[in-house]
Student: 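Below is the structure I would like to discuss, written out as structure tokens.
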Amino acid sequence: MILTAAIFIICAILVYNFKFYDLIAGFNTMSDDEKATYNIEKIARLFAIVMYSMAGIILIGYALSKWLDNEQIGAYGIIIATLLGVPFLLIKANSKAYK
């Protein structure tokens, strides 16, 4: 779980701070004209916020699983992070606010 959270944090840092926009799904396959219609800096910021949040949820689940000595709680943390983070990111990034 810690490795998964670390991967999310690293992806957020790479996309937002180091401008590795090609890590965002679909962006690297767009034509230059299509890329120009999106505000990629705002999308990268959104991506980073969601990735940090998902990592936080996973780490909280991991800490609770260790504290309560119940490994299922950690699995629930990953499930909750995925079910909340991925749809939110997809819906928000494809809204008109980012074009």
Side-chain angles (χ1 to χ4, degrees):
M1 284 182 271
I2 292 175
L3 179 62
T4 304
I7 290 170
F8 285 163
I9 291 169
I10 290 168
C11 285
I13 290 169
L14 288 174
V15 169
Y16 187 66
N17 296 340
F18 294 102
K19 304 194 184 322
F20 282 25
Y21 300 140
D22 285 343
L23 292 177
I24 297 173
F27 189 73
N28 60 343
T29 60
M30 287 183 184
S31 67
D32 290 336
D33 293 336
E34 280 182 300
K35 288 180 182 180
T37 64
Y38 288 92
N39 186 341
I40 192 61
E41 279 112 23
K42 283 179 71 176
I43 293 173
R45 184 171 187 272
L46 173 68
F47 181 86
I49 290 168
V50 171
M51 289 294 118
Y52 288 135
S53 300
M54 289 174 69
I57 292 169
I58 291 169
L59 291 174
I60 289 169
Y62 176 76
L64 284 173
S65 72
K66 291 298 179 186
W67 184 48
L68 298 173
D69 197 28
N70 183 351
E71 291 195 19
Q72 285 185 329
I73 295 172
Y76 294 142
I78 290 176
I79 292 168
I80 290 169
T82 304
L83 290 177
L84 292 177
V86 173
F88 178 80
L89 182 61
L90 290 173
I91 292 167
K92 192 77 171 169
N94 288 308
S95 69
K96 291 182 181 182
Y98 295 93
K99 287 190 176 190

Student: Of all heavy-atom pairs between A55 and A5, which one has the smallest distance, and what is that distance?
Tutor: CB-O, 3.6 Å
Student: For N17, I'd like to know if atom CG has over 12 heavy atoms of other residues, nucleotides or ligands within 6.0 Å.
Tutor: yes
Student: Starting from L89, can I reach F27 by hopping between I/L/V/M/F/W/Y residues whose side chains sit under 4.5 Å apart?
Tutor: yes
Student: What are the two closest non-hydrogen atoms of A93 and L46, and how far apart are they?
Tutor: N-CD2, 3.7 Å
Student: Once you round to the nearest 0.5 Å, how far does OG1 of T29 lie from CD of E34?
Tutor: 7.5 Å
Student: If hydrophobic clusters are built by linking Ile, Leu, Val, Met, Phe, Trp and Tyr wherever their side-chain heavy atoms come under 4.5 Å apart, do I43 and V86 end up in the same one?
Tutor: yes
Student: Is the positively charged end of K92 above the ring of Y98, judged by distance under 6.0 angstrom from the centroid and angle within 45° of the axis?
Tutor: no
Student: So, taking the atom named CG in L59 and the one named CE in M1, what distance separates them when rounded to the nearest 0.5 Å?
Tutor: 9.5 Å
Student: Atom OH of Y76 and atom OG of S65: how far apart are they, to the nearest 0.5 Å?
Tutor: 12.0 Å
Student: Working to the nearest 0.5 Å, report the span between CZ of F47 and CG of L23.
Tutor: 7.0 Å
Student: With side chains defined as the heavy atoms from C-beta onward, is the minimum distance between Y52 and I13 less than 4.5 Å?
Tutor: yes
Student: Measuring from Y62:OH to I78:CD1, what's the distance to the nearest 0.5 Å?
Tutor: 11.5 Å
Student: Determine the minimum heavy-atom distance between D22 and K35, stating which atoms define it.
Tutor: OD1-NZ, 4.2 Å
Student: Taking all atoms of both residues into account, what is the closest heavy-atom pair of V15 and A44, and its distance?
Tutor: CG1-CB, 3.7 Å
Student: Going by side chain to side chain contact (heavy atoms under 4.5 Å, CB included), name the residues that satisfy it together with E71, two or more places apart in sequence or in a different chain.
Tutor: none
Student: Looking at K42 and A97, would you say the former's side chain and the latter's main chain have a donor-acceptor pair under 3.5 Å?
Tutor: yes
Student: Are L84 and F8 linked, directly or through other ILVMFWY residues, by side chains that come within less than 4.5 angstrom of each other?
Tutor: no
Student: Going hydrophobic residue to hydrophobic residue with side-chain gaps under 4.5 angstrom, can you get from L90 over to F88?
Tutor: yes
Student: If you measure from CD1 on I58 to CD1 on I80, what distance do you get to the nearest 0.5 Å?
Tutor: 10.5 Å
Student: Is it true that F18 and M51 fall in one hydrophobic cluster, defined by side-chain heavy atoms closer than 4.5 Å?
Tutor: yes
